[in-house]
Each structure stands twice: as structure tokens, then as C-alpha cells.
Amino acid sequence: CATGSICAYSGSNLTGTKLSWTTCGQKSTAALSQVASIANARSSGTVSARQVTTVRAWASANSWANVPSTYWTAITNVNC
């Protein structure tokens with residue numbers, strides 16, 4: 001995930017198809033069949049993977065996280 005961006009991946013451990021954004025806000029992940037991991041390449045703040053409004057995983061600045069497999073197909077957006 002490029003510096004300053006947030007990313008969502010279809011595979012765990014930052015693998016598979018990637019969506020990336022350079023601005024914060026609520027970002028739809030509809031283009032992915034599932035969201036299995038997220039990355040936060042920003043220098044501050046957190047990024048969350050959400051099922052509508054419920055947070056299922058989060059990543060702090062300059063880190064990444066896997067989404068629990070139970071929720072891979074349920075994630076609808078990422079938010080920062």
C-alpha cells in the first residue's frame with residue numbers, strides 16, 4: 001500500500017486484488033468480492049474495515065490487519 005494511502009485486499013496478509021484510496025472517509029469495497037485484509041499507510045489515524053457501520057477489523061498508522069474470515073464477504077466499506 002503506497003505511502004499516504006489506505007488499502008483493502010481480497011486476500012489475507014495483503015494478497016489478492018487491491019483497492020486503494022489517497023483520501024480519508026468512507027470508501028466502498030463493493031468492487032471486491034471479499035475483504036480479507038486492510039492496510040493503513042498513513043502517518044496517523046486508524047483505518048477500519050466495516051460491515052455497514054460495525055467495525056470488524058482495524059489498523060493503526062503504518063500497519064495492517066487481517067479481517068476475521070467469518071466477515072470476509074460481509075465487509076462493505078473501509079473508513080478512516
Side-chain angles (χ1 to χ4, degrees):
C1 196
T3 301
S5 299
I6 63 172
C7 300
Y9 296 82
S10 62
S12 58
N13 302 313
L14 310 184
T15 61
T17 304
K18 176 179 73 173
L19 293 179
S20 63
W21 303 269
T22 56
T23 58
C24 258
Q26 181 174 297
K27 308 298 183 180
S28 172
T29 57
L32 296 178
S33 59
Q34 63 182 29
V35 176
S37 55
I38 56 172
N40 181 3
R42 297 169 60 85
S43 59
S44 62
T46 61
V47 172
S48 58
R50 306 195 304 178
Q51 181 180 359
V52 188
T53 58
T54 303
V55 174
R56 299 303 188 186
W58 62 274
S60 55
N62 295 310
S63 69
W64 61 277
N66 283 321
V67 176
S69 58
T70 304
Y71 303 115
W72 285 2
T73 59
I75 299 302
T76 57
N77 64 84
V78 294
N79 191 67
C80 68

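On a predicted model such as this, the values are computed, not experimentally measured, just so you know.
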Transitive ILVMFWY side-chain link V35 to Y71, under 4.5 Å: yes
Hydrophobic cluster identity match, L19 and W72, side-chain contacts under 4.5 Å: yes
Can you name the nearest heavy-atom pair linking [X] to [Y], along with the distance?
X   : Y   : answer
A36 : G11 : CB-C, 3.4 Å
W58 : T46 : CE3-CG2, 4.3 Å
A41 : A2  : CB-O, 3.1 Å
T76 : Q51 : OG1-C, 3.8 Å
T29 : A8  : CG2-CB, 4.2 Å

Less than 4.5 Å apart, side chain to side chain, heavy atoms only: is that true for [X] and [Y]?
X   : Y   : value
V78 : I6  : yes
R42 : C24 : yes
R56 : I75 : yes
N77 : K27 : no

Interatomic spacing from CG in N40 to SG in C7 - rounded to 0.5 Å: 9.0 Å
Counterpart residues, side chain to side chain contact (heavy atoms under 4.5 Å, CB included), relative to N62 (two or more places apart): none
All side-chain hydrogen bond (donor to acceptor under 3.5 Å, both in side chains) counterparts of S28, not counting sequence neighbours: none
Residue pairs fulfilling side-chain hydrogen bond (donor to acceptor under 3.5 Å, both in side chains) with at least one residue in residues 6-22, sequence neighbours excluded: N13-N66
